[in-house]
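Everything quoted here is computed from the prediction, not taken from an experiment. Order of appearance sets the numbers: ligands from 1, and atoms from 1 within every ligand.
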Amino acid sequence: MLDNNHRSINYLRLSVTDRCNLRCIYCMPEEGIQFLPHDEILSYEEMLHVVRLCVQSGIRKVRLTGGEPLVRKGILSFIEKLCRTEGLEEISLTTNGVLLKDMARDLKRCGICRINISMDSLKEEKFSKITRRDFYREVWEGIDEAQRVGFSPIKLNVVAMKGVNDDEILDFARLTLKKPYHVRFIEMMPVGEKNAWTSDTFLSTREILGKIRSLGSLKPVGTGPLDGPAQRYILEGALGEIGLIGALSHHFCETCNRLRLTADGHLRGCLFSDRERDIKTPLRENKGDDCALDIIRETIMNKPKDHGMNVNKPKKCVRSMNSIGG
Ligand code: SAM
Ligand code: SF4
């Protein structure tokens, strides 16, 4: 389905929970987090219902996110059912990797096509500082296991932050020479009122690319219609790829194909816009599929044209990243 700005909206990011076993500095505050009450969170049945209606409205690809999707009880059987949804072409997962080692094989069996894993440092101590938890080894074991059971490509998401992990940009880029990973550098975004974003820690994809060019020639890689917003490159002789996601500086709103469903059942057209529609209440009040379809279609039609921000004009949206679904 096309929105009012002629973009084809075919990709749903589905937040299955706002809970998480890490507390990344760019995503959640250390303390004082108000988690959603359990009965406010969509049940798996409700999620499957909304996904089926989204498919009727043109969604072809779903990414599970959160919070940390793997901490929600019963996630595997939900994924199994989700993967049987007629009309869905691709179901992928973004995870912090902490629980991946024991779940990778089942995730593959259930039908997950791709996995993105957050990994912001190659140094154990720094990883603990960024995530405020000590799970560095578990995450790497999870990454290894995901590779072993056949996930390919494995994408590693690195939120780039000046003064935090900018000294590791080249190490991450070099990793693609030895491993078939797709390392994706993501500009830190000002999401959530208690987010640690400041212009001092902001590192643009232009600066990152400038650093990486010192390693040798970079071959650009083309993108397909269901692909995401990364500018992609391969270093000469590399097994993997480098991706740059300039969420703030080089914003990709013109080609954004995303719709989001929060864990508490609100549909959003844009990560940064606080405009959202409640789809859970009409479903729980048995208002019927036509009413829910109207909400989905209205959210798609009125998807904001762009987020209207740049590094000098940031805007913190009210909800935090873990509750919207990153
Ligand atoms: N817990 C899972 C994880 O960390 O991969 C999934 C949810 S997390 C919110 C999804 C993605 O959003 C992660 O790759 C994370 O690094 C990214 N993210 C979270 N907060 C961000 C921020 N302020 N700026 C940029 N990326 C962010
Ligand atoms: Fe948890 Fe992912 Fe947010 Fe980190 S980025 S706190 S792992 S939801």
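- Under a 4.0 Å criterion applied to the non-hydrogen atoms of T95, ligand 1 contributes the atoms 2 (C), 3 (C), 5 (O).
- Across A160, P190, G97, S118, heavy-atom proximity to atom 4 (O) of ligand 1 is greatest for S118.
- Checked against K162 for a salt bridge (charged side-chain N to carboxylate O under 4.0 Å, His left out), the options E168, E187, E207 give a single hit: E207.
- Heavy-atom separations between G67 and ligand 1 include at least one value shorter than 4.0 Å.
- Checking only distances, N116 never comes within under 3.5 Å of ligand 1, N or O to N or O.
- The distance from ligand 1 to the heavy atoms of M188 drops below 4.0 Å at these ligand atoms: 24 (N), 25 (C).
- In this structure, R132 places its CZ atom where more than 12 heavy-atom neighbours from other residues, nucleotides or ligands lie under 6.0 Å away.
- Once rounded to the nearest 0.5 Å, the distance linking CG of L203 with CG of D166 reads 6.0 Å.
- With a heavy-atom cut-off of 4.0 Å, T94 touches ligand 1 through backbone and side chain alike.
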Inset, instruction - Dump the intermediate steps for salt bridge (charged side-chain N to carboxylate O under 4.0 Å, His left out) on E46 and R284, then the final yes or no. - result: CA-CA 9 Å; E46 288 169 331; R284 290 188 178 175; 2.7 Å; yes

Inset, instruction - Using the side-chain contact (heavy atoms from CB on, under 4.5 Å) rule, take T95 and E68 through it: C-alpha gap first, then chi angles, then the decisive distance, then the call. - result: CA-CA 6 Å; T95 173; E68 171 50 36; 2.7 Å; yes

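- The Y26 neighbourhood of ligand 2 comprises atoms 5 (S), with distances under 4.0 Å to a heavy atom of that residue.
- Remark: the S128 side chain and the E125 side chain contain no N/O donor-acceptor pair separated by less than 3.5 Å.
- Proximity of C20 to ligand 2, defined as any heavy-atom pair under 4.0 Å, is confined to the side chain (atoms from C-beta onward).
- For C27, the nearest N, O or S atom to atom 3 (Fe) of ligand 2 falls under 2.8 Å.
- Each of the atoms 14 (O) of ligand 1 lies under 4.0 Å from some heavy atom of N157.
- When each atom of ligand 1 is checked for a heavy atom of G66 under 4.0 Å away, the hits are 7 (C), 9 (C).
- The environment of NZ in K305 is sparse: at most 12 heavy-atom neighbours from other residues, nucleotides or ligands sit within 6.0 Å.
- Geometric assessment of K155 against the ring of Y181 yields a negative cation-pi assignment under the 6.0 Å and 45° thresholds.
- Of all the atoms in ligand 2, the ones that sit under 4.0 Å from a non-hydrogen atom of M28 are 6 (S).
- Ligand 2 places these atoms under 4.0 Å from at least one heavy atom of C24: 4 (Fe), 5 (S), 6 (S), 7 (S).
- In K101, the NZ atom is not crowded: 12 or fewer heavy atoms of neighbouring residues, nucleotides or ligands sit closer than 6.0 Å.
- For the pair Y26 and ligand 1, the shortest N or O to N or O distance falls below 3.5 Å.
- Atoms of ligand 1 found under 4.0 Å from any heavy atom of T65, numbered from 1 in the order shown, are 6 (C), 7 (C), 10 (C).
- Ring geometry for Y44 versus F78: interplanar angle under 30°, hence parallel rather than tilted (30 to 60°).
- The closest approach between G67 and ligand 2 falls below 4.0 Å for a heavy atom of the residue.
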